[in-house]
Number of protein chains: 2
Amino acid sequence: METDQAPRPITPEECVVTRTLTFVGSRWTPLVIWHLLDGVKRYGELRQALPGISPKTLADRLQALEERGLVTRTVHPEKPPRVEYALTPRGFALGRILDDVARWGEEWEDAD
Amino acid sequence: METDQAPRPITPEECVVTRTLTFVGSRWTPLVIWHLLDGVKRYGELRQALPGISPKTLADRLQALEERGLVTRTVHPEKPPRVEYALTPRGFALGRILDDVARWGEEWEDAD
DNA sequence: CCGAATCCAACATGATACTG
DNA sequence: CAGTATCATGTTGGATTCGG
């Protein structure tokens with residue numbers, strides 16, 4: 001007998017998809033990842049590439065991405081200082097999913 | 001000559017991935033879609049299946065999903081009224097992407 | 001039973017100025 | 001250059017109440 005699931009109640013906090021999407025869906029996060037797919041980037045390069053972002057928001061996003069293991073942060077103790085950000089393998093894996101999202105999103109909006 | 005792109009500045013509003021993720025990443029949206037993958041559901045069924053959701057939030061999410069063509073809403077003019085929600089084909093397509101997100105998210109969190 | 005209306009709280013984001 | 005500190009704001013979600 002297959003237990004035909006009336007899927008039991010589940011909260012957003014218990015749902016891995018929700019956790020993932022609320023994290024990745026933060027306003028600037030997909031664009032940060034997208035730029036890093038292109039290769040290692042400095043803080044200032046990202047800032048230029050993200051028109052209108054505030055330094056605080058960029059720092060927040062990069063810290064969050066680093067904490068969650070999607071981005072590495074490397075400090076070169078020079079003068080002037082140089083800090084570089086790069087995607088981890090898991091960050092790249094996410095980038096591939098974002099491609100799927102992009103394709104789906106384009107069809108979706110075209111059909112409006 | 002391949003024009004090696006230093007990808008030109010782009011805002012979140014211009015990015016289809018951002019638009020899609022901020023929409024789908026709304027707190028209860030993934031769970032609503034997930035429950036509808038199982039088949040047609042009544043408002044009250046969804047409410048039971050989503051512990052803690054407020055009627056306003058559920059109505060908001062369902063309206064947004066309907067407006068964007070991911071869900072259909074059918075009113076059966078009975079007494080008491082019966083209202084049923086179902087995914088459209090595009091809604092189901094999104095569901096498949098959410099599966100990928102789930103798989104990625106599980107690895108991601110396991111690796112913490 | 002389904003859901004609209006109102007009001008409010010929480011959080012993410014933003015502007016701006018300043019520092020190691 | 002690469003941020004932090006501080007303050008202001010806007011959008012999202014929730015509690016509650018009421019109507020068809």
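Every chain is numbered from 1, with letters handed out A, B, ... down the list of sequences.
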[X] vs [N]: side-chain N/O to OP1/OP2 distance below 4.0 Å:
| X | N | value |
| --- | --- | --- |
| A:W28 | C:dG14 | yes |
| B:Y85 | C:dG3 | yes |
| B:R47 | C:dC1 | no |

Taking side chain to side chain donor-acceptor pair (under 3.5 Å) as the definition, give me every residue that meets it alongside [X], ordered by chain and number, with sequence neighbours left out.
| X | value |
| --- | --- |
| B:R73 | B:Y85 |
| A:Y43 | none |
| B:E109 | A:R19 |

With B:F23 via ring-ring contact (aromatic ring centres under 6.0 Å, His included) - residues at least two apart: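 Listed in chain order: A:W108.
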
B:R61: salt bridge (Lys or Arg N to Asp or Glu O under 4.0 Å) partners, not counting sequence neighbours: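 Checked B:R61 against salt bridge (Lys or Arg N to Asp or Glu O under 4.0 Å); zero matches.
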
Set of salt bridge (Lys or Arg N to Asp or Glu O under 4.0 Å) partners for A:E78, sequence neighbours left out: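 Expected list: A:R82.
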
First-last contacting nucleotides on DNA chain D - partner chain A, under 4.0 angstrom, heavy atom: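 The protein-touched segment is D:dC1 to D:dT6.
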
Helix axis bend for the helix from C:dC1-D:dG20 to C:dG20-D:dC1 - C1'-based end axes, five pairs, 10° rounding: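 End-to-end axis angle: 50°.
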
Counterpart residues, side-chain contact (heavy atoms from CB on, under 4.5 Å), relative to A:E13 (two or more places apart):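 Partners of A:E13 by the side-chain contact (heavy atoms from CB on, under 4.5 Å) criterion, ordered by chain and then number, come out as A:T11, B:R27.
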
Of residues 55-74 of chain A, the positions that come close to DNA chain D - non-hydrogen atoms, cut-off under 4.0 Å: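 Per residue number, the list reads A:P55, A:K56, A:A59, A:Q63, A:R73.
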
Sequence neighbours left out, cut at 3.5 Å: what donor-acceptor pairs do the side chains of residues 45-55 of chain A make with other protein atoms?
| unit_1 | atom_1 | unit_2 | atom_2 | d |
| --- | --- | --- | --- | --- |
| A:E45 | OE1 | A:R42 | N | 2.7 |
| A:S54 | OG | A:T57 | N | 3.2 |
| A:S54 | OG | A:T57 | OG1 | 3.0 |

Qualifying side-chain hydrogen bond (donor to acceptor under 3.5 Å, both in side chains) pairs with a residue from residues 94-105 of chain B, counting only residues at least two apart or across chains: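 Residue pairs passing side-chain hydrogen bond (donor to acceptor under 3.5 Å, both in side chains), neighbours aside: B:D100-B:R103.
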
